[in-house]
Each structure stands twice: as C-alpha cells, then as structure tokens.
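Contents: one structure, followed by commentary.
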Amino acid sequence: MNAYRMAASSSLSDREADAECFRRLIAMLESVAHETDVITRNQVIAKNQRLWSLIQRANAVEAGMVETEDRLLFARMADQAQKYGIRAMLDPTLSLAPLIETARNVLDGLEMAIQEG
C-alpha cells in the first residue's frame with residue numbers, strides 16, 4: 001500500500017502528462033526542422049498527426065470534461081495542424097515552424113493551467 005501511495009503521489013496529473021507530450025513533440029519537430037532525410041522528417045510529422053488526431057477525437061464527443069468553446073478551439077487547432085502536416089509531408093521544403101508554434105502555444109497554455117493549479 002505504501003508503494004502505491006508513493007507512486008500515486010509522484011505520478012503526473014492529466015495536464016502534466018499532456019504538457020510532457022507536447023514538450024516531446026516540440027523537441028522531435030525541432031530536431032527534423034532542417035532535416036534533409038524526407039523519411040525521418042515524415043516519421044516525425046506522422047507522430048504530430050497522430051497526436052492531433054487523438055486530440056480531435058477526444059474533443060469530438062461531449063463528455064462534460066471540457067467546455068464547448070474550448071472543445072471547438074481544440075478541434076479547430078487539430079484540424080489546422082493536421083492539414084498543415086499533410087502539406088509538409090507532401091512538400092519537404094515547407095517549414096515546420098507553424099507546427100512547432102502551434103504545439104508551443106498549447107504547451108504554454110497547459111503550463112499556465114498547471115501553475116494555476
């Protein structure tokens with residue numbers, strides 16, 4: 001029981017876990033932002049696509065967890081990020097800066113929410 005309590009007290013909250021996902025996504029996108037290997041770049045963009053797809057699906061259903069206005073914002077952001085990601089996969093010269101900026105904006109919001117507690 002003590003081991004469970006210690007693990008539970010040190011585990012991440014939902015927002016902290018979400019923030020960590022975006023930190024990792026940003027790091028991966030930045031690592032391939034100037035990559036000439038199209039396969040490596042597209043593998044990272046595919047991870048970006050999967051994360052935004054999960055976010056889109058999670059916000060498509062009214063579960064009472066997130067306000068409607070926020071759900072619509074998340075769904076719109078996910079849609080835009082996925083569309084840009086597809087374009088970036090098709091055009092290896094297209095900058096990844098918009099994907100990185102979008103992920104940073106989400107991370108900044110999550111970090112503010114974590115601080116507010």
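For clarity, every value in this text was computed on a predicted model and none was experimentally measured.
- The side-chain heavy atoms of Trp52 and Thr102, taken from C-beta on, include a pair separated by under 4.5 Å.
- Screening Ile100, Leu99, Val106, Leu51 for a side chain to side chain contact (heavy atoms under 4.5 Å, CB included) with Leu25, the sole residue that qualifies is Leu51.
- Between Leu94 and Ala88, the closest heavy-atom pair is CD2-N, 3.6 Å.
- Inter-residue side-chain proximity for Arg41 and Leu96 is flagged as met; some heavy-atom pair is nearer than 4.5 Å.
- The two residues Ala19 and Ile114 come nearest to each other via the heavy atoms CB-CD1, 4.0 Å.
- Ile55 and Leu72 fall into different hydrophobic clusters, where Ile, Leu, Val, Met, Phe, Trp and Tyr residues are linked whenever their side-chain heavy atoms come under 4.5 Å apart, directly or through other members.
- You'll find the side chain of Lys47 reaches within 4.5 Å of the side chain of Arg50, heavy atoms only.
- Panel note: side chain Ser31, backbone Met28; a donor-acceptor pair is recorded below 3.5 Å.
- Listed here is the closest heavy atom pair of Gln56 and Ala78: CB-CB, 3.8 Å.
- Using a 4.0 Å cut-off between charged side-chain N and carboxylate O, Glu16 and Arg23 make no salt bridge.
- Side-chain atoms of Leu90 and Ile86, non-hydrogen and from C-beta on, do get closer than 4.5 Å to each other.
- The heavy-atom pair separating Ile45 from Gly85 by the smallest distance is CG2-O, 3.5 Å.
- Residues Asp108 and Phe22 have side chains not in contact (no heavy-atom distance under 4.5 Å, counting atoms from C-beta outward).
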